[in-house]
Chemist: 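This is the structure I want to talk about, given as structure tokens.
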Number of protein chains: 2
Amino acid sequence: MAQKHDFDSPLIAKLEHGANLTPADRARLREIAGASRKVDPRTTLIRDGEEPRGAYLVLDGIACRCKVLQNGSRQILAYLLPGDTCHLDLKSLREMDHSISTISECTIVDIPRDVIDDLALHHPHIMRALQWSALADESTLREWLVGMGRRNAVNQMAHLFCELLIRLRAIGHALEDSYDLPLTQEELGDALGLSVVHVNRILQALRQERLVSFKGRRLTILDFERLKERAGFNPNYLHLTSPLQAART
Amino acid sequence: MAQKHDFDSPLIAKLEHGANLTPADRARLREIAGASRKVDPRTTLIRDGEEPRGAYLVLDGIACRCKVLQNGSRQILAYLLPGDTCHLDLKSLREMDHSISTISECTIVDIPRDVIDDLALHHPHIMRALQWSALADESTLREWLVGMGRRNAVNQMAHLFCELLIRLRAIGHALEDSYDLPLTQEELGDALGLSVVHVNRILQALRQERLVSFKGRRLTILDFERLKERAGFNPNYLHLTSPLQAART
DNA sequence: CGCGAACTTGATATTTGTCAACTAAGGTGG
DNA sequence: CCACCTTAGTTGACAAATATCAAGTTCGCG
């Protein structure tokens, strides 16, 4: 049951980018990640309007925050990758303003309130890292808004692929310039605000430009430099540049 | 120099929605709001990439978070209304991932780090309210993403006008169904991800449907029910439904 | 092998952007 | 108070981006 390497624990791998964890911190995180469960693809964990009972941690697979409109159309607000958490700030949250659903099959950890309280009391570095993580999530949300408002579909999708590469690299889930991406074209479109048909065509454009290949749920970036250029991608917003040195607490 | 009423202090008015403040809390907030300065319209307070020296509080006017792309186009990520703050979480933030600029002339308070530390130590209710406020800001950001991805221009703009009405009412800055909105059509477009020309036409459509009027920087909602209906507006996401009763700290 | 989900394609409609010109409004100096 | 000047708002014609519809095709899997 013990984890072999840190990259088996995407949460640890991720949080190391946000703060310097102690061995005790890591042990605690492994302990938390121990109580996981498998969740089927396309399953809603908590729905818009419900009261959260606890927080979630994704250990494996891809989940998402999303919102569904009256007319049935869905907007994905964030992809939750391994190591990502959501609404750890339940204290001030009475009612969800969006839903959390799995996309692929996922390994999920339910984090009850008292675990968070315990972390706050005994693991300040973890808390710092989690705050950093929440900050980066919000920044990512802003970058998505920029993409939808001011980038055309090709650049926006290129940008997303760049982002996912960097985020997955940070948890050791990307080999070179490729990574598993268990999304349908519809699920891509729901994030990008595009129709399925258009996603299909944009994808073809990116393939034809020899920028990416996307076959069998695997995305390979053929020319990262050119893709970044195309997307106007600047990874600053992910705040992944190494733990803060200013650890004066 | 003393504030006459609470609604003279939009910060207090706002935070009362997020927690129950004590008289001492209110006194402290008035003290903080005392050291304000006027800032010219269209002035950048802090730029993308810079290191924040402190946080900001808007007391009057409209400011924004925004991001400017290589090609010069701008995306507004949030309107900062009176009572709104930004990056109070500086502890984990090394470098800004977006800019803060005024739109109209603004009254701004610079909040240095030590003031935040002091609030954290001595004013837990204020801290709780600020966390709630940050949560609502993030939720608003998500709602904007939904608007850009899944609403057409008319509905998206209608949605924005509904949102602004509710937010401004919460700080006593809306009379009935109208409020001052010192934005040009270009500044509206930068938030909605639309061109100026299109904003102009959408506005005409809304006027012709007798849903809103927008003359001389004043926006009047002529039929809020119909506008909400049109926009698919549900104010839940603003989390303004009254202070949390669960004040068990 | 067959079935359903995902992907692809073409034709067409709709939405939105761009360009260029024009009009209206507010502010300032003479 | 007016002349002027700049900024904001408006309009029409057109182009580009994206959505929609409908019909295939391919793929993975039981």
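This one's a predicted model, so the numbers in the text were calculated from it and none came from an experiment. Worth knowing before you read on, the calculation uses all heavy atoms, side chains too, and leaves out hydrogens, waters and symmetry mates. Residue numbering restarts at 1 for every chain, and letters A, B, ... go by the order of the sequence lines.
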Chemist: Nearest heavy atom decides the nucleotide; on that basis, is A/A153 or B/L183 closer to the 5' end of DNA chain D?
Modeler: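 Its nucleotide being nearer the 5' end, the pick is B/L183.
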
Chemist: At under 4.0 Å between heavy atoms, what does A/R151 touch on the DNA or RNA strands: base, sugar-phosphate, or nothing?
Modeler: nothing

Chemist: Taking CG from B/N155 and C1' from C/dT16, how many angstroms apart are they, rounded to a whole number?
Modeler: 15 Å

Chemist: Compare the minimum distances between each of C/dA6, C/dT8, D/dT20 and the side chain of A/T184, then state the nucleotide with the smallest one.
Modeler: C/dA6

Chemist: C/dC7 C1' sits how many Å from A/L203 CG, rounded?
Modeler: 10 Å

Chemist: Rounded to whole angstrom units, what separation is found between the CG atom of B/L181 and the P atom of D/dG9?
Modeler: 11 Å

Chemist: How close or far is atom C1' of C/dA6 from atom CD1 of A/I103, stated in whole angstroms?
Modeler: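 Result: 15 Å.
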
Chemist: Taking atom P of C/dG17 as reference, at what distance in whole Å does atom CG of B/N200 sit?
Modeler: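 In whole Å, C/dG17 P and B/N200 CG are 13 Å from each other.
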
Chemist: For C/dC7, does either OP1 or OP2 sit under 4.0 Å from a side-chain N or O belonging to A/R207?
Modeler: no

Chemist: Between atom CD in B/Q185 and atom C1' in D/dG9, what is the gap in whole Å?
Modeler: 5 Å

Chemist: Just call it for B/G193: base, sugar-phosphate, or nothing, with non-hydrogen atoms closer than 4.0 Å on any strand.
Modeler: sugar-phosphate

Chemist: Output yes when a side-chain donor or acceptor of A/D40 lies under 3.5 Å from a complementary backbone atom of A/T43, and no otherwise.
Modeler: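 No: the side chain of A/D40 does not pair with the backbone of A/T43.
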
Chemist: From C-beta outward on A/V197, which listed nucleotide comes closest to its side chain: D/dT10, D/dT20, D/dT18?
Modeler: D/dT20

Chemist: Look at A/D223 together with A/R210 and state whether they make a salt bridge at an N to O cut-off of under 4.0 Å.
Modeler: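 Judged by the 4.0 Å cut-off on N to carboxylate O distance, A/D223 and A/R210 do not form a salt bridge.
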
Chemist: Is it true that B/R226 and B/E229 make a salt bridge, defined as a side-chain N closer than 4.0 Å to a carboxylate O?
Modeler: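 No salt bridge links B/R226 with B/E229.
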
Chemist: Looking at B/D110 and B/R53, is there a salt bridge between them, counting it only when a charged N and a carboxylate O are closer than 4.0 Å?
Modeler: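 The answer is no: the pair does not qualify as a salt bridge.
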
Chemist: Is a donor-acceptor pair below 3.5 Å formed from side chain A/R201 to base C/dG10, judging by atom type as modelled?
Modeler: yes

Chemist: Could you tell me how far apart B/H198 (NE2) and D/dA16 (P) are, to the nearest whole angstrom?
Modeler: 18 Å

Chemist: Between atom CZ in A/R150 and atom P in D/dA17, what is the gap in whole Å?
Modeler: 16 Å

Chemist: If you find the nucleotide of DNA chain C closest to B/K215 and the one closest to B/I202, which residue's nucleotide is nearer the 5' end?
Modeler: B/I202

Chemist: For D/dG9, take OP1 and OP2 only and decide whether either is under 4.0 Å from a side-chain N or O of B/Q204.
Modeler: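 No, B/Q204 has no side-chain N/O under 4.0 Å of OP1/OP2 on D/dG9.
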
Chemist: The side chain of A/R217 lies closest to which of these nucleotides: D/dT20, D/dT11, C/dC7?
Modeler: C/dC7

Chemist: Closest nucleotide of DNA chain C for B/G216 versus for B/L194: which of these residues is on the 5' side?
Modeler: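 Closer to the 5' end of DNA chain C: B/L194.
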
Chemist: Salt bridge check, B/D180 against B/R217: does any charged N sit closer than 4.0 Å to a carboxylate O?
Modeler: no

